[in-house]
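Take a look at the structure set out below.
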Amino acid sequence: MKIRKAVFPVAGLGTRVLPATKAMPKEMLTIVDRPLIQYVVDEAREAGIEHFIFVTGRNKGVIEDHFDKMFELDENLKSRNKSKEIEELARFQPGAGETSFTRQQSPLGLGHAVWCARELVGNEPFAVVLPDELVLNSPGCLKQMIDIANGLDERSNLVAVEEVPMELTHQYGICGIGERHPTHSTAFTIDGMVEKPPRGTSPSNLSITGRYILQPEIFKILETQERGAGGEIQLTDGMIGLAKTQQFYGVEFEGERHDCGSKPGFLRANIAYGLQRPDLRDGLRKEMLRYLGQ
Ligand code: UTP
(Lines give C-alpha, C1' and ligand atoms only; values in the text may rest on other atoms or scores of the structure.)
Protein backbone atom coordinates (compact mmCIF):
# COMPACT_ATOMS: atom_id res chain seq x y z
CA MET A 1 0.00 0.00 0.00
CA LYS A 2 1.61 3.27 -1.08
CA ILE A 3 0.55 6.29 1.02
CA ARG A 4 1.59 9.48 -0.79
CA LYS A 5 -0.76 12.08 0.65
CA ALA A 6 -1.52 13.34 4.14
CA VAL A 7 -4.46 15.51 5.19
CA PHE A 8 -3.98 17.98 8.05
CA PRO A 9 -7.34 19.28 9.35
CA VAL A 10 -6.57 22.76 10.72
CA ALA A 11 -9.96 24.48 10.57
CA GLY A 12 -11.05 24.02 14.21
CA LEU A 13 -11.58 26.94 16.57
CA GLY A 14 -9.29 25.73 19.37
CA THR A 15 -11.67 26.84 22.10
CA ARG A 16 -9.86 24.84 24.78
CA VAL A 17 -6.81 27.09 24.54
CA LEU A 18 -8.52 30.47 24.32
CA PRO A 19 -7.57 33.30 24.47
CA ALA A 20 -4.33 32.18 22.70
CA THR A 21 -6.38 31.09 19.69
CA LYS A 22 -8.63 34.12 19.36
CA ALA A 23 -6.69 35.55 16.41
CA MET A 24 -3.95 32.92 16.00
CA PRO A 25 -4.52 29.37 14.71
CA LYS A 26 -4.12 26.68 17.36
CA GLU A 27 -1.87 24.81 14.94
CA MET A 28 0.65 27.70 15.13
CA LEU A 29 1.05 27.37 18.91
CA THR A 30 4.75 26.94 19.54
CA ILE A 31 6.37 23.97 21.20
CA VAL A 32 9.95 25.10 22.06
CA ASP A 33 10.80 26.94 18.81
CA ARG A 34 8.46 25.65 16.11
CA PRO A 35 4.72 25.57 15.58
CA LEU A 36 2.69 22.40 16.06
CA ILE A 37 1.97 22.18 12.35
CA GLN A 38 5.65 21.96 11.51
CA TYR A 39 6.18 18.97 13.82
CA VAL A 40 3.43 16.99 12.11
CA VAL A 41 4.52 17.91 8.59
CA ASP A 42 8.05 16.76 9.51
CA GLU A 43 6.58 13.53 10.91
CA ALA A 44 4.66 12.95 7.65
CA ARG A 45 7.73 13.64 5.52
CA GLU A 46 9.75 11.14 7.58
CA ALA A 47 6.99 8.59 6.84
CA GLY A 48 7.42 9.10 3.08
CA ILE A 49 4.49 11.49 2.45
CA GLU A 50 4.96 13.47 -0.75
CA HIS A 51 1.93 15.77 -0.76
CA PHE A 52 0.65 17.78 2.19
CA ILE A 53 -3.04 18.80 2.16
CA PHE A 54 -4.27 21.38 4.66
CA VAL A 55 -7.98 21.84 5.36
CA THR A 56 -8.03 25.40 6.65
CA GLY A 57 -10.59 28.02 7.65
CA ARG A 58 -10.86 31.73 8.32
CA ASN A 59 -7.94 33.29 10.24
CA LYS A 60 -5.67 30.40 9.24
CA GLY A 61 -3.74 32.11 6.42
CA VAL A 62 -0.55 32.27 8.49
CA ILE A 63 -0.28 28.45 8.21
CA GLU A 64 0.06 28.81 4.43
CA ASP A 65 2.62 31.59 4.94
CA HIS A 66 4.64 29.40 7.27
CA PHE A 67 5.25 26.91 4.46
CA ASP A 68 6.07 29.57 1.87
CA LYS A 69 9.42 31.15 1.12
CA MET A 70 10.07 34.48 2.88
CA PHE A 71 12.40 36.31 0.51
CA GLU A 72 13.01 39.33 2.74
CA LEU A 73 13.89 37.11 5.67
CA ASP A 74 16.15 34.87 3.53
CA GLU A 75 18.01 37.90 2.11
CA ASN A 76 18.39 39.43 5.54
CA LEU A 77 19.77 36.20 7.02
CA LYS A 78 22.17 35.81 4.07
CA SER A 79 23.49 39.34 4.42
CA ARG A 80 24.17 38.66 8.11
CA ASN A 81 25.80 35.25 7.43
CA LYS A 82 23.27 33.45 9.62
CA SER A 83 23.92 30.07 8.01
CA LYS A 84 22.46 27.98 10.85
CA GLU A 85 19.10 29.76 10.58
CA ILE A 86 19.16 29.57 6.75
CA GLU A 87 19.74 25.80 6.91
CA GLU A 88 16.99 25.35 9.49
CA LEU A 89 14.45 27.23 7.34
CA ALA A 90 15.50 25.32 4.20
CA ARG A 91 15.17 21.97 5.99
CA PHE A 92 11.43 22.25 6.56
CA GLN A 93 10.55 24.17 3.40
CA PRO A 94 8.23 22.03 1.24
CA GLY A 95 9.06 22.04 -2.46
CA ALA A 96 6.94 23.90 -5.01
CA GLY A 97 3.67 22.04 -5.61
CA GLU A 98 4.01 19.75 -2.58
CA THR A 99 1.31 21.55 -0.58
CA SER A 100 -2.41 22.13 -1.21
CA PHE A 101 -4.87 24.20 0.79
CA THR A 102 -8.65 23.98 0.83
CA ARG A 103 -11.22 25.59 3.13
CA GLN A 104 -13.75 23.90 5.35
CA GLN A 105 -15.82 27.13 5.52
CA SER A 106 -17.60 26.15 8.77
CA PRO A 107 -16.07 23.95 11.48
CA LEU A 108 -18.71 21.20 11.34
CA GLY A 109 -16.43 18.53 12.78
CA LEU A 110 -13.39 16.42 11.96
CA GLY A 111 -15.32 14.08 9.64
CA HIS A 112 -16.51 17.05 7.61
CA ALA A 113 -12.98 18.54 7.50
CA VAL A 114 -11.59 15.27 6.09
CA TRP A 115 -14.42 15.11 3.52
CA CYS A 116 -13.42 18.61 2.33
CA ALA A 117 -10.12 17.11 1.11
CA ARG A 118 -11.82 14.54 -1.17
CA GLU A 119 -10.95 16.18 -4.50
CA LEU A 120 -7.34 16.75 -3.47
CA VAL A 121 -6.88 13.17 -2.24
CA GLY A 122 -8.65 11.44 -5.14
CA ASN A 123 -8.96 7.68 -5.35
CA GLU A 124 -6.04 6.48 -3.25
CA PRO A 125 -5.34 5.61 0.41
CA PHE A 126 -4.20 8.57 2.49
CA ALA A 127 -3.11 9.59 5.97
CA VAL A 128 -4.91 11.96 8.32
CA VAL A 129 -2.73 13.67 10.93
CA LEU A 130 -4.13 15.89 13.69
CA PRO A 131 -1.64 18.67 14.40
CA ASP A 132 -2.64 19.22 18.02
CA GLU A 133 -1.50 15.71 18.94
CA LEU A 134 2.25 15.23 18.99
CA VAL A 135 3.99 11.90 19.51
CA LEU A 136 7.52 12.18 20.79
CA ASN A 137 9.41 9.26 19.26
CA SER A 138 11.80 8.29 16.52
CA PRO A 139 10.62 6.81 14.22
CA GLY A 140 7.45 8.92 14.40
CA CYS A 141 3.96 7.53 14.85
CA LEU A 142 2.97 7.81 11.17
CA LYS A 143 6.12 6.01 10.00
CA GLN A 144 5.39 3.17 12.46
CA MET A 145 1.87 2.91 10.98
CA ILE A 146 2.96 3.05 7.34
CA ASP A 147 5.60 0.36 7.96
CA ILE A 148 2.80 -1.90 9.23
CA ALA A 149 0.37 -0.87 6.45
CA ASN A 150 2.94 -1.96 3.84
CA GLY A 151 2.50 -5.57 4.94
CA LEU A 152 -1.33 -5.53 5.02
CA ASP A 153 -4.04 -6.12 2.47
CA GLU A 154 -4.34 -3.13 0.07
CA ARG A 155 -7.83 -2.27 1.30
CA SER A 156 -6.91 -1.96 4.98
CA ASN A 157 -7.46 1.06 7.23
CA LEU A 158 -5.36 1.81 10.31
CA VAL A 159 -5.82 3.97 13.39
CA ALA A 160 -3.30 4.78 16.10
CA VAL A 161 -4.57 3.81 19.55
CA GLU A 162 -3.52 4.52 23.11
CA GLU A 163 -4.59 3.25 26.52
CA VAL A 164 -6.69 5.61 28.62
CA PRO A 165 -8.05 5.04 32.16
CA MET A 166 -11.23 2.90 31.93
CA GLU A 167 -13.23 5.51 33.91
CA LEU A 168 -12.47 8.16 31.25
CA THR A 169 -13.42 6.14 28.15
CA HIS A 170 -16.70 8.10 27.81
CA GLN A 171 -14.61 11.09 26.65
CA TYR A 172 -12.94 9.31 23.70
CA GLY A 173 -13.45 7.37 20.49
CA ILE A 174 -12.86 3.77 21.60
CA CYS A 175 -12.18 0.55 19.65
CA GLY A 176 -12.75 -3.10 20.47
CA ILE A 177 -9.79 -5.49 20.22
CA GLY A 178 -9.94 -8.40 17.76
CA GLU A 179 -6.98 -10.61 16.83
CA ARG A 180 -3.30 -9.69 17.16
CA HIS A 181 -1.39 -9.45 13.89
CA PRO A 182 0.85 -12.54 13.53
CA THR A 183 4.05 -10.58 12.74
CA HIS A 184 3.44 -7.02 13.97
CA SER A 185 2.84 -7.38 17.72
CA THR A 186 1.70 -3.73 18.06
CA ALA A 187 -1.16 -4.21 15.55
CA PHE A 188 -4.55 -5.92 15.97
CA THR A 189 -7.78 -6.16 14.02
CA ILE A 190 -10.44 -3.80 15.33
CA ASP A 191 -13.63 -5.38 16.49
CA GLY A 192 -16.03 -2.40 16.64
CA MET A 193 -15.59 1.33 17.24
CA VAL A 194 -17.70 3.75 19.25
CA GLU A 195 -17.48 7.52 19.79
CA LYS A 196 -17.77 8.54 23.46
CA PRO A 197 -19.43 5.34 24.81
CA PRO A 198 -21.74 5.89 27.80
CA ARG A 199 -20.05 4.95 31.11
CA GLY A 200 -19.85 1.22 31.69
CA THR A 201 -20.37 0.26 28.02
CA SER A 202 -16.88 0.75 26.57
CA PRO A 203 -15.53 -2.29 24.66
CA SER A 204 -11.93 -1.57 25.84
CA ASN A 205 -9.76 1.24 27.17
CA LEU A 206 -7.98 1.82 23.85
CA SER A 207 -8.75 5.28 22.51
CA ILE A 208 -8.41 6.27 18.86
CA THR A 209 -5.79 9.03 18.58
CA GLY A 210 -4.86 11.56 15.91
CA ARG A 211 -3.21 9.40 13.22
CA TYR A 212 -5.19 7.47 10.60
CA ILE A 213 -4.59 5.68 7.31
CA LEU A 214 -7.84 5.54 5.38
CA GLN A 215 -9.14 4.20 2.12
CA PRO A 216 -10.81 6.71 -0.24
CA GLU A 217 -14.21 4.97 0.19
CA ILE A 218 -14.49 6.94 3.46
CA PHE A 219 -15.42 10.05 1.42
CA LYS A 220 -18.67 8.53 0.09
CA ILE A 221 -19.67 7.68 3.65
CA LEU A 222 -18.74 11.10 5.07
CA GLU A 223 -20.77 12.79 2.33
CA THR A 224 -24.02 11.68 3.99
CA GLN A 225 -22.73 11.29 7.55
CA GLU A 226 -25.11 12.84 10.06
CA ARG A 227 -24.00 14.89 13.05
CA GLY A 228 -22.99 12.75 16.03
CA ALA A 229 -21.44 13.45 19.45
CA GLY A 230 -21.20 17.17 20.23
CA GLY A 231 -23.39 18.00 17.21
CA GLU A 232 -20.35 17.50 14.92
CA ILE A 233 -19.80 15.27 11.89
CA GLN A 234 -17.48 12.73 13.49
CA LEU A 235 -14.72 10.88 11.67
CA THR A 236 -15.20 7.91 14.01
CA ASP A 237 -18.83 7.57 12.86
CA GLY A 238 -17.63 7.56 9.22
CA MET A 239 -15.06 4.88 10.07
CA ILE A 240 -17.76 2.76 11.76
CA GLY A 241 -19.63 2.88 8.42
CA LEU A 242 -16.51 1.91 6.45
CA ALA A 243 -15.69 -0.94 8.86
CA LYS A 244 -18.82 -2.73 7.57
CA THR A 245 -17.01 -3.45 4.30
CA GLN A 246 -13.29 -2.98 5.02
CA GLN A 247 -10.83 -4.14 7.66
CA PHE A 248 -9.59 -1.75 10.34
CA TYR A 249 -6.40 -2.29 12.35
CA GLY A 250 -5.37 -0.61 15.59
CA VAL A 251 -1.71 0.25 16.10
CA GLU A 252 -0.36 0.67 19.63
CA PHE A 253 2.39 3.06 18.67
CA GLU A 254 5.63 3.60 20.54
CA GLY A 255 6.16 7.07 21.95
CA GLU A 256 4.69 9.59 24.31
CA ARG A 257 1.56 11.37 23.06
CA HIS A 258 0.94 15.01 23.96
CA ASP A 259 -2.49 16.61 23.59
CA CYS A 260 -1.32 20.12 22.76
CA GLY A 261 -4.90 21.30 22.21
CA SER A 262 -5.37 21.44 25.99
CA LYS A 263 -3.55 23.85 28.31
CA PRO A 264 -1.94 21.18 30.57
CA GLY A 265 -0.92 19.11 27.52
CA PHE A 266 0.56 22.14 25.78
CA LEU A 267 2.66 23.06 28.83
CA ARG A 268 3.80 19.48 29.34
CA ALA A 269 4.80 19.15 25.67
CA ASN A 270 6.97 22.26 25.91
CA ILE A 271 8.83 20.76 28.86
CA ALA A 272 9.12 17.28 27.29
CA TYR A 273 10.34 18.58 23.92
CA GLY A 274 12.63 21.14 25.60
CA LEU A 275 14.25 18.40 27.70
CA GLN A 276 14.90 16.40 24.50
CA ARG A 277 16.89 19.20 22.92
CA PRO A 278 20.65 18.89 23.49
CA ASP A 279 21.08 22.68 23.10
CA LEU A 280 18.41 23.56 25.69
CA ARG A 281 18.18 20.57 28.03
CA ASP A 282 20.68 21.56 30.76
CA GLY A 283 19.58 25.19 30.98
CA LEU A 284 15.91 24.22 31.12
CA ARG A 285 16.47 21.63 33.82
CA LYS A 286 18.43 24.15 35.90
CA GLU A 287 15.68 26.79 35.58
CA MET A 288 12.95 24.31 36.45
CA LEU A 289 14.79 23.17 39.58
CA ARG A 290 15.35 26.80 40.55
CA TYR A 291 11.61 27.54 40.23
CA LEU A 292 10.74 24.44 42.20
CA GLY A 293 13.11 25.62 44.92
CA GLN A 294 15.49 22.63 44.75
P1 UTP B 1 -10.16 19.35 17.92
O2 UTP B 1 -11.52 19.01 18.31
O3 UTP B 1 -9.04 18.98 18.84
O4 UTP B 1 -9.99 20.89 17.58
O5 UTP B 1 -9.89 18.77 16.48
P6 UTP B 1 -10.85 22.14 17.89
O7 UTP B 1 -12.29 21.92 17.60
O8 UTP B 1 -10.17 23.23 17.16
O9 UTP B 1 -10.56 22.32 19.44
P10 UTP B 1 -11.45 22.74 20.69
O11 UTP B 1 -12.05 21.45 21.18
O12 UTP B 1 -12.44 23.79 20.26
O13 UTP B 1 -10.43 23.29 21.63
C14 UTP B 1 -8.66 18.16 16.07
C15 UTP B 1 -8.16 18.78 14.78
O16 UTP B 1 -9.19 18.83 13.81
C17 UTP B 1 -9.36 20.14 13.30
C18 UTP B 1 -8.76 21.06 14.35
O19 UTP B 1 -8.26 22.25 13.73
C20 UTP B 1 -7.67 20.23 14.96
O21 UTP B 1 -6.44 20.36 14.28
N22 UTP B 1 -10.77 20.39 13.05
C23 UTP B 1 -11.70 20.17 14.00
C24 UTP B 1 -11.15 20.88 11.82
O25 UTP B 1 -10.31 21.08 10.91
N26 UTP B 1 -12.47 21.14 11.59
C27 UTP B 1 -13.42 20.93 12.54
O28 UTP B 1 -14.62 21.19 12.25
C29 UTP B 1 -13.03 20.43 13.78
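Whatever order the structure lists them in is the order used to number ligands and atoms, beginning at 1. Residue numbers start at 1 and run along the sequence shown.
The backbone N or O of Glu254 sits less than 3.5 Å from a side-chain atom of Gln144, completing a donor-acceptor pair. Between the side chain of Glu46 and the backbone N or O of Gly140, at least one donor-acceptor pair lies under 3.5 Å. Side chain of Arg281 to backbone of Leu275: a donor-acceptor contact under 3.5 angstrom is found.
Atom 25 (O) of ligand 1 has Ala11 N, 2.8 Å as its closest protein atom, hydrogens excluded (heavy atom only). The nearest protein atom to atom 1 (P) of ligand 1, hydrogens excluded, is given as Lys26 NZ, 3.8 Å; this is a heavy-atom distance. Considering only non-hydrogen protein atoms, atom 28 (O) of ligand 1 sits nearest to Gly109 N, 2.7 Å. Closest protein heavy atom to atom 22 (N) of ligand 1: Gly12 N, 3.6 Å. Shortest contact from atom 2 (O) of ligand 1 to any protein heavy atom: Arg16 NH2, 4.4 Å. Shortest contact from atom 5 (O) of ligand 1 to any protein heavy atom: Asp132 OD2, 4.3 Å. Looking at atom 15 (C) of ligand 1, its nearest protein heavy atom turns out to be Pro9 O, 4.0 Å.
Atoms of ligand 1 lying under 4.0 Å from at least one heavy atom of Thr15, given by number and element, are 10 (P), 12 (O), 13 (O). Near Glu27, meaning under 4.0 Å from one of its heavy atoms, ligand 1 places the atoms 18 (C), 19 (O), 20 (C), 21 (O). Distances below 4.0 Å separate heavy atoms of Leu108 from the following atoms of ligand 1: 28 (O). Taking every non-hydrogen atom of Gln104 and a distance limit under 4.0 Å, the qualifying atoms of ligand 1 come out as 24 (C), 25 (O), 26 (N), 27 (C), 28 (O). The contact set between ligand 1 and Ala113, taken as ligand atoms under 4.0 Å from a residue heavy atom, comprises 24 (C), 25 (O), 26 (N). The atoms of ligand 1 that sit less than 4.0 Å from any heavy atom of Leu110 are 16 (O), 29 (C). Residue contact check: Pro107 has heavy atoms under 4.0 Å from atoms 28 (O) of ligand 1.
For a threshold of 3.5 Å applied to N or O pairs, the pair formed by Gly261 and ligand 1 contains no separation below that value. The N/O atoms of Gly14, backbone and side chain alike, include one that comes under 3.5 Å of an N/O atom in ligand 1. Taking only nitrogen or oxygen atoms, main chain and side chain alike, Ser106 does not reach within less than 3.5 Å of ligand 1. For the pair Val55 and ligand 1, the shortest N or O to N or O distance does not fall below 3.5 Å. At under 3.5 Å, a nitrogen or oxygen of Leu13, whether backbone or side chain, sits near a nitrogen or oxygen of ligand 1.
Electrostatic pairing of Arg277 and Asp279 counts as a salt bridge here, judged by a charged N lying under 4.0 Å from a carboxylate O. A salt bridge links Lys60 with Glu27; the closest basic N to acidic carboxylate O contact falls under 4.0 Å.
A 4.5 Å side-chain heavy-atom check between Arg227 and Asp237 finds every atom pair outside the cut-off.
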**Q.** Verdict with supporting geometry, Gln246 and Arg155, side chain to side chain donor-acceptor pair (under 3.5 Å)
**A.** CA-CA 7 Å; Gln246 292 185 359; Arg155 282 292 182 224; 6.0 Å; no

(Q) Could you walk me through whether Arg80 and Glu85 satisfy the salt bridge (Lys or Arg N to Asp or Glu O under 4.0 Å) test, starting with their C-alpha distance in whole Å, then the side-chain angles of each, then the deciding distance to 0.1 Å, before giving a yes or no? (A) CA-CA 11 Å; Arg80 292 156 67 196; Glu85 286 77 5; over 6 Å; no

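For Tyr273 and His258, the gap between ring centers is short of 6.0 Å. Ring centroids of Phe52 and Phe67 are separated by 6.0 Å or more, keeping the two rings apart.
Of all the heavy atoms in Gly261 and Lys26, the pair that sits closest is CA-CD, 4.0 Å.
With respect to Asn157, the side chain to side chain contact (heavy atoms under 4.5 Å, CB included) criterion is satisfied by exactly one of Ile190, Leu152, Leu214: Leu214.
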